[in-house]
Amino acid sequence: MNDSSNNRPTTLVDDGMIALRENSPSDEVQERLRQGMRAQWQELSETPVPVSLRSRWLPSSSIRLAVALSLCVAVLVAGFALVASLGNQQSLYAQAIAAVRKAQTVHATASMYDDNEVQNNAAEVWYDSKKGVREVEHWNGRQEVRLDDGQFEWHYRSDTNTVIKGPSRDPVGGIEEFLRPLEALDRFKAKRDPTLDLKIDDIKCRALVASLESLSPKIRYIFWLDEQNRLIRFDEQVNVENTWKLDERVDMRYNVPIPADRLTANFPTDARLIDRTAPLSAFDLKDADVTAERLGIILGIHEVRRVDEDSVFVLSTSRASQEVINRFGKIDSNHLGHQVYGSFTWMSNGRRAEDHSWINGMRPLTLAYWQRDGIDYQWILLRKTKAWEKEPGKLPVGFSIHTRGKWAEARKKAGEPQWLLNQKDVVTLDVPETPESLDTILADIYQQTQSMGDATKRGAPNLRLKSEPYSKEMIKKAVADGTPLSEAERMLVGRSSQPEAITLEAWSKEVNLMLDE
Amino acid sequence: MPDDATYQRYIEPNEAKLIAAAWRVLSNEADVNDAIQDALTRIWKNRQTLETHANSTAWMLRIVLNAAYDQLRKRKVQRTKTLPEWLVADHTSADSKAQAEELKRRLLEEISLLSPKQAQAILLRLVEEMPYAEISEAMGCSEATARVHVKRGREKLQERLADLQPFSQRSH
């Protein structure tokens, strides 16, 4: 049968379909939806979502140093946990945490290998239960170091030559996020295999093997344990043409002396230091200019500044009410899944003019965003605002409000709305009369975002950059994955940057490009 | 197969595609979130299919679009509280943007009135631009059947949207 759609004039249906194909979510929305998907799968499977040992190391994945390096310790703990799990019902994850807290010192090395079993990435961890942890990773010619001494945390990157100092995240507790995937090891059902027993550095080791036969290619994990059931070595091997090839190896040694310089903050003297130890008290609701509450989520307006001729800059936060927090608990940012119980999203607040024609409202442009410890921060530029000032300096603004996570689920079960869309005039902003230049505003945001958060890579607000079309390679990959070429050519990559990874000048240029769109 | 590996292997590489597909139909975060959640639950319940299906991406896409279609039908009932911003905007303006928005609104409304199979086929073919071979894999039918679903669905849509056509272009 012929496809009659190919040889006929364009119809309304075609036009409509083309219009539908042009709909796409913003980067932030897409990221929130992704997080929701992962959180849901996690809940469905009752195990953490996807973080395979291999993928954490691939340079193309968005790994963090801490993720990759903590894996070493994670795998170490897996050894304890694996063995311990044979004898009791405590979860591997719980045992893993307990085992890390029990260790005196640990020295771990980890390596990834290419298809020819040549080492291409490496990491090393020194851990002292009394002094802290230092994690070093080398990949793609770049070095990253994370040091946590229990009071402060430092994060050094050789490519930007920056050291970010933040409050300690607990040198042991910080790895809990990364240990969660170990829960999946429960399912691997590792079995004893005496044929693979080894002597490693004169340590007699027994082998346990967990095979993932259904994967293609097949993968197996081998754990070598000493007589005290401690993990000495872990291998991930891939089966290529019936031969097991080494893909990743972790070696662990215990209660070895840790050189003093490993656990002190010694970074290149010419590195740029970014201090993020300032508290976030400036965002307390009691100090907000104005607040509003919808669906148990509280909006706080913390800064309002007139910009140039016809724009207003606003810094807002959204957070759960105390009642919601009491009911579901405070959100810890290390948790995988929903980072907030809900948020206010800026809307255009468009409305009908007196002559009944529809006039588009203000055009909100996100300049920077961040979610931390249950609070959603948004740095927004509202454009075309003058027409909407009810009286000079009084600007009503609108939002959509969405609940998230457990709070959204509870509302759904109770038959209550989980969201409110396009709420007009939620609050009225007091806009100062004197305008400031956009450059001044951007410089302030840059400075402010730099000082917020902690030393981890995702620990600071994201400065938004102009989206870019897919590269040729990305288009090729998307097409290979089944995306139609016409669609792949239209796709955009959302971009953002942490403040330390971009100069103010470069970010300002990006913002101006977004404003020109 | 461990389920975390399932997610990583099959779903993670397709996250953007699945979200984009639902978004084209629903255009607002809350509805897309609901549709994706429904779809993920269905995928989870049938996750072994991911390993055995000839085209797991197309299969997941069909499930997501089906969930979006369900959501679209619900929207008819709950319109006052679920309409996205572009739907609640005033459409009396004669400018082309408003016309395009009106066309989208009507098109989605009419798609929600098609049979589930016709709607699935239409969305896979005309919105996702999927080849018929893949549509047949996704829907578990022959290519010929997929073409029939698309053809009949399209005819219905064309007929029902006739009132939007300028008078000179209408068939009498």
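Chain naming here is simple, since letters A, B, ... match the order of the sequence lines and numbering starts at 1 in each.
Within 6.0 Å of CZ on Arg411(A) lie more than 12 heavy atoms contributed by other residues, nucleotides or ligands. Heavy atoms of other residues, nucleotides or ligands lying less than 6.0 angstrom from NZ of Lys117(B) number 12 at most.
Within the 4.5 angstrom heavy-atom criterion, only side-chain atoms of Ile19(B), from C-beta onward, approach chain A. Residue contact with chain A, scored on non-hydrogen atoms closer than 4.5 Å, involves the side chain of Leu18(B) exclusively. Heavy atoms of Ala16(B) lying under 4.5 Å from chain A belong to its backbone as well as its side chain.
When every heavy atom of Ile11(B) is checked against every heavy atom of Met37(A), the shortest pair comes out as CG2-CE, 4.0 Å. Asp34(B) and Lys412(A) get closest at one heavy-atom pair: OD1-NZ, 4.3 Å.
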Could you walk me through whether Gln37(B) and Glu409(A) pass side chain to side chain contact (heavy atoms under 4.5 Å, CB included), step by step?
CA-CA 11 Å; Gln37(B) 283 196 4; Glu409(A) 283 301 310; 3.6 Å; yes
Problem set entry | Trace of the side chain to side chain contact (heavy atoms under 4.5 Å, CB included) decision for Asn28(B) with Trp419(A) | CA-CA 11 Å; Asn28(B) 81 57; Trp419(A) 56 83; 5.6 Å; no
- Query: For Glu15(B) and Arg38(A), what are the C-alpha separation, side-chain angles and deciding distance, and is it a salt bridge (charged side-chain N to carboxylate O under 4.0 Å, His left out)?
  - Reply: CA-CA 10 Å; Glu15(B) 280 175 341; Arg38(A) 292 170 185 193; 2.8 Å; yes
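Checked against side-chain hydrogen bond (donor to acceptor under 3.5 Å, both in side chains), Asp38(B) has no partners two or more places apart in sequence or in another chain.
Asn33(B) is not listed as a side-chain neighbour of His402(A), based on a closest heavy-atom distance of 4.5 Å or more.
Contacts with chain B were tallied for Leu33(A), Leu420(A), Thr345(A); Leu33(A) has the most, counting heavy-atom pairs under 4.5 Å.
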